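The figures here come from the full heavy-atom set of this structure, side chains too, leaving out hydrogens, waters and symmetry mates. Chain letters run A, B, ... following the sequence lines, proteins first, then strands; residues in each count from 1. It should be emphasised that the depicted structure is a prediction, and the values quoted were computed from it without experimental measurement.
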2 protein chains.
Amino acid sequence: MTRKTRATGRTTIKDVAAAAGVSAITVSRVLRTPERVSPATRDRVTEAVRALDYLPDPAASALASQRTATVGVVLPSVTNTVFRDTLRGIYTEAAARAVQIQIANTRYDPGEETRAIRLFLSQRPAALIVTGIDQSEEAATLLAEAPCPIVQITETGPSAHDMMIGFDHGEAVELATRHLIAAGYRRIGFLGARQDPRSLRRMEGFCAALRAAGLFEPERVLFSDAPASVTSGAEQLGRLLERDSAADAVLCNNDDLALGVLFECQRRGLAVPDRIGICGFNDFEWMAAAVPPLTSVSTPRAEIGRRAMAMIGERLENPGMAPEVVQLDVSLKIRESTRKR
Amino acid sequence: MTRKTRATGRTTIKDVAAAAGVSAITVSRVLRTPERVSPATRDRVTEAVRALDYLPDPAASALASQRTATVGVVLPSVTNTVFRDTLRGIYTEAAARAVQIQIANTRYDPGEETRAIRLFLSQRPAALIVTGIDQSEEAATLLAEAPCPIVQITETGPSAHDMMIGFDHGEAVELATRHLIAAGYRRIGFLGARQDPRSLRRMEGFCAALRAAGLFEPERVLFSDAPASVTSGAEQLGRLLERDSAADAVLCNNDDLALGVLFECQRRGLAVPDRIGICGFNDFEWMAAAVPPLTSVSTPRAEIGRRAMAMIGERLENPGMAPEVVQLDVSLKIRESTRKR
DNA sequence: ATGAAAGCGCTAACAC
DNA sequence: GTGTTAGCGCTTTCAT
């Protein structure tokens, strides 16, 4: 016995092959391309797989085929409700296909994003989903050369690496701002939290709409360093009113802030919508349930996740496909909080 | 040239070895156990790794070593804020260690949970994190025989598969219920959403506390089929008041429901806390910011994630370690919503 | 401290 | 439609 062997105790494809009286490659074919195997053989193999409770080793498969069934998802945050909804969409669609999801959390740091992309690519993912359009130069190069489908989500823009699905953040906020102006508000403030690229583009949409109406006033644009929260929304309303005690509406860069603003108005006895109008962004579930119901920009977060995954699925089935770039619509949910009398 | 080769274009450990003038195994050692390599060799190899921009192939490594650096996390939901916070804790701690996270979303289905555990185990994870203590018999067997550390999170209980970290859900709600009784409420309702095992144990804690005080009334216990939401909290308050128009407090099985109850009270002009007392569960950020601030049971969600990951790290470094079972404390945040005059 | 050889479990390539 | 053979890139084992 000079043979050395590293027995792992694992049930392997050879065990199944032996049990079914075929060769290993036939088992492999039954599992991956059953249509290329005769029905009789297929049944025997299937039965042996079940009898032995065989599960293929994904590492061996990845090594041999240079492919995995893992889709890497690069997100700036796993905490943020926005991405939570997108993730839900991704998981929903992934469940239908035989893919695994692996998430990298970059904490809004381009360096971490680049590292995550490198790491994912070293694992030969089936596809990659990355957030936004502001990758570092290095990351952009990696993505350009990547041998797998790439979907950029959340935002659309020029020069897609491959596929893209999202909406125009600046335009979405312009829409909301024009609504506030049309509703009769004149001294409108903007409350923002973390300044990621999409927040900034939303702020720009706000400024553009007000400038067009001759109502822009930079001191009414506030950003806090803290991540968005209900508490910080309340605080920021206070700061806005210190700067302009006659401010009559706020566009909140997200709904946590809007809820905080509502509470602060209740605390100070400021009537919503007559004294202060409130508009949020994202249309989280509580906006419609609040008293009064709060106007918000409804964003297709789950749909982005779902369709990103669906686009990947289609591409994997049909690699020749032209890369899609999908621009989704947002809709403004006008509710009582901006119905000034 | 009859040799057939499946050139992948990838930079491999052999390329690094050649560049550094050593053998492949030495490169492997520098990467995994640098202390066993002489400093001079180590430097040459490190330099070659950088020069060639070498990243090891995790699939090849997994196959050869029968190990991966992936920690599988089995969660009933990626949507629920509770698990979002736990995930944040897991990612926070994982960033410090060189592990990847892979999440399986079971949608509260024991069958899917079992399948997810089987699938993870077929990938030889570095460790597994599973939610709760109610695994199927099959899953329990798999976990018992698993060759890697296991942490059960969110809840503690008897017969841990291995390690455990969580808190006692029944006791947490008993605490809150006793507070409501002590605050002077007598006709207390319970509002619940999805009936997962932990929700049920919380409801039992509620019932136990009321029975002990002679105040239990089954018709004041409500569960909805819908997942927890602000909207459903508002609806359920309505249903509770239909059943008992003199109900004077609600214990909400989570904070989304509590927020909905607050809004419904505002809508109906029911004074909080004097006409209706409100207590939530989890202490989400908005509870303290609401008007009035809402009492809630603060649960250590992020800490559970963080420490679960930390326990895994310690165990991987020191496999002899005795399995820890950690029971964390919850604390009741008493706020104005239960300060009846 | 370093290396040679073998093998982890699977699939690509080619043959029949 | 099925099988043979080699090899994916790494690490284990054993030797020096």
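Put simply, OG1 on A/Thr86 and CG on A/Asn80 are 9.0 Å apart, with the number rounded to the nearest 0.5 Å.
For D/dT2, one of the phosphate oxygens OP1 or OP2 lies less than 4.0 angstrom from a side-chain nitrogen or oxygen of A/Ser38. Dashed line: the shortest gap from a side-chain N or O of A/Ser28 to OP1 or OP2 of C/dC10 is not under 4.0 Å. When the side-chain nitrogen and oxygen atoms of B/Tyr54 are compared with OP1 and OP2 of D/dG9, none of them lie within a distance under 4.0 Å.
No hydrogens or angles were tested; on distance alone, nothing pairs the side chain of A/Arg42 with the base of D/dG1 as donor and acceptor under 3.5 Å.
Rounded to whole angstrom, the span from the CZ atom of B/Arg124 across to the C1' atom of C/dC8 amounts to 8 Å. Look at CG on A/Leu52: it is 15 Å from P on C/dG9, rounded to the nearest Å. In this structure, B/Leu55 atom CG and D/dC10 atom C1' are separated by 14 Å, rounded to whole Å. Between the P atom of C/dG9 and the CZ atom of A/Arg67 lies a distance of 21 Å, rounded to the nearest Å. Straight-line distance from the CG atom of B/Leu31 to the C1' atom of D/dT11: 12 Å, rounded to whole Å. We find that CZ of A/Arg36 is positioned 11 Å from C1' of C/dA12, with the value rounded to whole Å. Straight-line distance from the CD1 atom of B/Ile25 to the P atom of C/dT2: 12 Å, rounded to whole Å. A straight line from CD1 of A/Ile13 to P of D/dT5 spans 17 Å, rounded to a whole angstrom.
Contact record, A/Pro76 with A/Arg198: CG-NH2, 4.0 Å, taken as the closest heavy-atom pair. Counting all heavy atoms, side chain and backbone alike, A/Thr12 lies closest to A/Tyr54 at C-CE1, 3.6 Å.
The side chain of A/Thr8 sits closest to C/dG9 out of C/dG9, D/dC10, D/dT12. The side chain of A/Ser65 lies closest to C/dT11, out of D/dT2, C/dT11, C/dT2. When distances are taken from the side chain of B/Arg29 to each of D/dC10, C/dG3, C/dG9, the shortest belongs to C/dG3. Taking every side-chain heavy atom of B/Thr41 into account, C/dT2 is the closest of C/dC10, C/dT2, D/dG9. Set against D/dT2, C/dG3, C/dA1, the side chain of B/Ser23 has C/dG3 as its closest nucleotide. In the set D/dG3, D/dT12, D/dC10, the nucleotide with an atom closest to the side chain of B/Ser61 is D/dC10. For A/Asp57, whose side chain is taken as the heavy atoms from C-beta onward, the closest listed nucleotide among C/dA12, C/dC10, D/dG9 is C/dC10. When each of C/dC8, C/dG3, D/dG3 is scored by its nearest atom to the side-chain atoms of B/Gln66, the top-ranked nucleotide is C/dC8. The side chain of B/Ala60 approaches D/dC10 more closely than any other nucleotide in the set C/dC10, D/dC10, C/dA12. Among the nucleotides D/dT11, D/dC10, C/dG9, the one closest to the side chain of B/Arg32 is D/dT11.
Of the possible polar contacts, none joining the B/Thr26 side chain to the B/Val22 backbone as a donor-acceptor pair under 3.5 Å is found. The backbone N or O of B/Pro110 sits less than 3.5 Å from a side-chain atom of B/Thr114, completing a donor-acceptor pair.
Sequence order on DNA chain C of the closest nucleotides to B/Val37 and A/Ala62 puts B/Val37 first from the 5' end.
Taking 4.0 Å as the cut-off between side-chain N and carboxylate O, B/Asp15 and B/Arg10 do not count as a salt-bridged pair.
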